[in-house]
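Structure record follows, encoded as structure tokens.
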Number of protein chains: 2
Amino acid sequence: MNYSKQRELILDVLRQNPVHPTADKLYELVRPLMPSISLATVYRNLNLLVECGAVRKISGLDGSVHYDHCVEKHYHFICTCCNKVYDVPYNVAQDLELKLKSLTGLEAQSTELTFKGLCSDCQNSN
Amino acid sequence: MNYSKQRELILDVLRQNPVHPTADKLYELVRPLMPSISLATVYRNLNLLVECGAVRKISGLDGSVHYDHCVEKHYHFICTCCNKVYDVPYNVAQDLELKLKSLTGLEAQSTELTFKGLCSDCQNSN
DNA sequence: TTAAAAATGATAATGATTATTATTATCAAT
DNA sequence: ATTGATAATAATAATCATTATCATTTTTAA
């Protein structure tokens with residue numbers, strides 16, 4: 001995989017944003033910094049970054065797909081009202097793969113744990 | 001919500017199938033039993049059944065959406081090779097919502113835990 | 001049984017993602 | 001620095017899953 005300015009920028013913007021944007025949202029964020037960039041390039045590079053492990057996909061509730069740059073193990077909480085994706089610390093559930101292995105024999109390459117509910121913002125606004 | 005033959009059949013077929021089909025696959029399975037049924041009806045009823053809690057959505061790896069009739073709490077293992085969805089027993093990780101609450105204060109309405117890896121079939125076929 | 005409400009089938013519309021294609025950027029080897 | 005091979009890009013068309021529309025049919029409750 002060769003270097004490209006577009007891919008670097010996409011990863012940078014993802015790293016500087018804690019919002020877990022969708023491909024479309026990311027396109028919006030990147031465009032002011034590189035107006036000529038194409039939406040297809042955003043999709044293509046997100047797929048490449050996911051493939052090489054630098055970025056993770058998160059499936060939203062409404063079928064939307066969000067992207068998260070990989071730092072350390074953590075989980076997610078998605079608000080059923082505003083659809084925002086929040087981080088949940090790893091210590092909520094540790095070593096799930098070990099438990100899986102010992103109970104079922106299956107070996108997991110990765111694990112996704114996602115909670116759904118009302119975030120505190122949405123609870124208060126009702 | 002009124003009764004409908006189509007909805008009853010959709011739920012029956014889902015209950016008798018451990019395969020976690022997609023909407024499209026379910027349409028294929030239902031059509032021989034009721035040739036006049038429409039794909040839109042399958043989608044419409046799956047959404048209604050999800051809304052009323054009789055059926056659960058599972059996000060596949062490739063963006064596909066699978067459906068699972070709700071019986072008791074359990075999790076999933078998706079094969080990265082054949083994309084099949086397997087059930088994982090609840091005792092792999094119990095009471096995650098309680099842990100979430102005590103560590104973050106967030107209250108989860110539902111929890112989805114999904115492992116990804118090679119299923120034993122695909123491991124053997126290599 | 002009959003009218004109102006809900007559900008259906010058929011199909012068009014939508015929207016997210018991927019494929020295509022001509023052009024441009026990258027990079028190792030001259 | 002220049003070249004050639006390859007990979008990446010922008011723009012846009014194509015694809016495919018899902019949803020909306022609407023005329024017709026079923027269901028339900030009075």
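Atoms considered below: every heavy atom in the structure, side chains included; atoms not considered: hydrogens, waters and symmetry mates.
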A:Thr114 and B:Glu112: side chain donor to acceptor below 3.5 Å: no
Taking the ring of B:Phe115 and the ring of B:Tyr75, is the distance between their centroids below 6.0 Å? no
Suppose we call two aromatic rings close when their centres sit under 6.0 Å apart. Are A:His76 and A:His20 close by that rule? yes
Is A:Asn47 touching bases, backbone alone, or none of the nucleic acid, heavy atoms closer than 4.0 Å? sugar-phosphate
Side-chain donor-acceptor contact under 3.5 Å, A:Asn17 with A:His69: no
With a 4.0 Å cut-off (strictly under) to non-hydrogen atoms of chain B, the first and last hit nts on DNA chain D, 5' to 3', are D:dA17 to D:dT28
Under 3.5 Å between N/O atoms: give me all the protein pairs with nucleotides 2-10 of chain C, atom names plus distance.
unit_1 : atom_1 : unit_2  : atom_2 : d
C:dA6  : O4'    : B:Asn2  : ND2    : 3.4
C:dA7  : OP1    : B:Asn2  : N      : 3.2
C:dA7  : OP1    : B:Arg7  : NH2    : 3.4
C:dT8  : OP1    : B:Ser4  : OG     : 2.5
C:dT8  : OP1    : B:Asn45 : ND2    : 3.4
C:dT8  : OP2    : B:Asn45 : ND2    : 3.3
C:dT8  : O3'    : B:Gln6  : NE2    : 3.0
C:dG9  : OP1    : B:Gln6  : NE2    : 3.3
C:dG9  : OP1    : B:Ser36 : O      : 3.4
C:dG9  : OP2    : B:Ser38 : N      : 3.3
C:dG9  : OP2    : B:Thr41 : OG1    : 2.4
C:dG9  : N7     : B:Arg44 : NH2    : 3.1
C:dG9  : O6     : B:Arg44 : NH1    : 3.3

Evaluate whether atom NZ of B:Lys116 has more than 12 neighbouring non-hydrogen atoms of other residues, nucleotides or ligands under 6.0 angstrom away. yes
So CG of B:Leu49 and NZ of B:Lys57: to nearest 0.5 Å the spacing works out to 12.0 Å
Hey, what bend do you get for the helix from C:dT1-D:dA30 to C:dT30-D:dA1 if you fit axes on five pairs at each end, rounded to 10°? 40°
Distance (rounded to the nearest 0.5 Å) between A:Tyr27 OH and A:Thr41 OG1: 9.0 Å
Decide whether A:Glu8 and A:Tyr3 meet the rule of one side-chain donor and one side-chain acceptor closer than 3.5 Å. yes
A:Leu14, A:Leu29: one ILVMFWY side-chain cluster at the under-4.5 Å cut-off? yes
Less than 4.0 angstrom from a charged side-chain N to a carboxylate O is my criterion; do B:Lys25 and B:Glu28 meet it? yes
What is the distance, rounded to the nearest whole Å, between atom CG of B:Leu39 and atom C1' of C:dA12? 14 Å
